[in-house]
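Notes follow the structure.
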Amino acid sequence: MPRKIRKAVLPVAGLGTRVLPATKVVPKEMMPVVDRPALQYVVDEALEAGIEHIVFVTGRNKGAIEDYFDRAYELEATLQLKNKTDILEQLQKELPTAGSTSFVRQQSPLGLGHAIWCARDVVGDEPFAVLLPDVLVKSKLGCLSQMVSAYEKTGGNMIAVDPVPKNETNKYGVISPTSQDGKLYGMSGMVEKPDPEVAPSNLAITGRYILQPEIFKYIEDQEPGAGNEIQLTDAMAKLMQHSPFHALEFDGKPYDCGSKFGYFKAVCAYAVDHPEIGDEARALIQSLQA
Ligand code: G1P
């Protein structure tokens with residue numbers, strides 16, 4: 001049985017330039033998708049998959065994230081006084097247990113690989129998950145839970161992939177699949193943001209990873225790649241030469257909340273399923289189509 005995945009790294013240092021000016025003062029991860037910050041959905045996905053400790057890699061102007069995962073005594077007291085016990089209980093339920101979160105700081109925006117590397121001491125010498133909070137995956141069983149089930153059989157490293165239109169490969173990391181067993185792929189390589197003409201496939205990396213701790217030494221030696229950033233994809237491509245890698249085509253739909261339209265689509269998708277406003281949201285969308 002492979003070692004249990006207990007820790008998850010969530011890089012939240014990005015500037016959110018694609019959704020400015022909203023992100024001038026609000027971290028993009030805190031933008032609400034209906035009534036919860038996008039980040040809460042990703043944390044829930046991690047917890048559902050059995051994650052016990054979350055390492056947030058933060059940066060400047062991200063203080064709201066730390067505050068969000070802390071108690072809010074004044075707010076709680078006011079809710080108590082006004083007898084708003086439902087909301088109060090919900091707030092308290094979603095609070096991480098004491099000591100189950102860490103915050104490390106990425107001091108310069110050197111890339112996703114570098115952000116993950118900043119978490120190395122907290123992760124230590126054990127396999128871990130990475131969830132990119134820009135991507136919300138809407139699915140019955142969480143994307144990371146699906147990956148953990150697959151990993152329990154394969155061990156090694158696992159990434160989530162999703163087919164994208166061929167002309168969009170330059171927005172993603174893309175894998176070179178070599179074998180397929182149902183939804184599980186073997187692969188020989190991966191490349192960050194390839195032009196469609198040279199992309200090895202249309203299977204894009206979706207922002208969910210299970211990685212062995214050896215990745216840190218490959219990141220450490222990694223030269224900047226696409227966009228002049230230290231890319232996680234480049235370090236994974238090297239680790240793949242020494243450690244088994246699989247890709248899982250998960251069940252579910254990913255939404256890229258880092259882009260304006262992706263964020264809008266996520267809000268619509270979560271609104272129509274929301275227990276409080278779902279019916280009205282569906283009716284509104286239908287009326288707009290009429
Ligand atoms: C990152 C990864 C890329 C992945 C993408 C998923 O890119 O580097 O491999 O496909 O997330 O959203 P970014 O969107 O941060 O440029």
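Start at 1 and go down the list; that is how both ligands and their atoms are numbered. Residues: numbered from 1 along the sequence shown.
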- Judged by non-hydrogen atoms, does Thr233 sit under 4.0 Å from ligand 1? yes
- Query: Leu112 near ligand 1, heavy-atom distance under 4.0 Å?
  - Reply: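 So Leu112 counts as touching ligand 1.
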- So which bit of Asp256 gets within less than 4.0 Å of ligand 1, heavy atoms only: side chain, backbone, both or neither? neither
- Hey, is Val135 touching ligand 1 through its side chain, its backbone, both or neither, going by heavy atoms under 4.0 Å? side chain
- Query: Can we call the ring centroids of Tyr218 and His242 under 6.0 Å apart?
  - Reply: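 Aromatic pair counts; centres sit under 6.0 Å.
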- Query: Would Glu52 and Lys4 pass as an ion pair if we require N to O under 4.0 Å?
  - Reply: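 Yes, charged N to carboxylate O under 4.0 Å.
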- Could Asp256 and Lys171 be called an ion pair, given the rule that one side-chain N must be under 4.0 Å from one carboxylate O? no
- What is the closest protein heavy atom to atom 11 (O) of ligand 1, and at what distance does it sit?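 In this structure, atom 11 (O) of ligand 1 has Leu132 CD1, 3.3 Å as its nearest protein heavy atom.
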- Task: Please report which non-hydrogen protein atom sits nearest to atom 6 (C) of ligand 1, along with the residue it belongs to and the distance in Å to one decimal place.
- Result: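 Heavy-atom neighbour on the protein nearest atom 6 (C) of ligand 1: Ile205 O, 3.4 Å.
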- Closest to atom 16 (O) of ligand 1 by heavy-atom distance, out of Glu192, Lys193, Lys171, Arg208, is Lys193
- Item | Donor-acceptor side-chain pairing of Thr101 and His53 below 3.5 angstrom | no
- Task: Might you point out which heavy atoms bring Thr206 and Val135 nearest each other, and give the distance in Å?
- Result: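 In this case the closest contact between Thr206 and Val135 is O-CG1, 3.5 Å.
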- Message: Checking contacts now, so for atom 13 (P) of ligand 1, which I'm interested in, is there any protein heavy atom under 4.0 Å?
- Response: yes
- Could you name each residue pair satisfying salt bridge (Lys or Arg N to Asp or Glu O under 4.0 Å) that touches residues 279-290, not counting sequence neighbours? Asp279-Arg282
- Note on the structure: ligand 1 to Tyr172, heavy atom cutoff 4.0 Å, flagged ligand atoms 10 (O)
- Query: Cation over ring, Lys260 on Phe264, under 6.0 Å and within 45°?
  - Reply: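 Here Lys260 fails the 6.0 Å and 45° test against Phe264.
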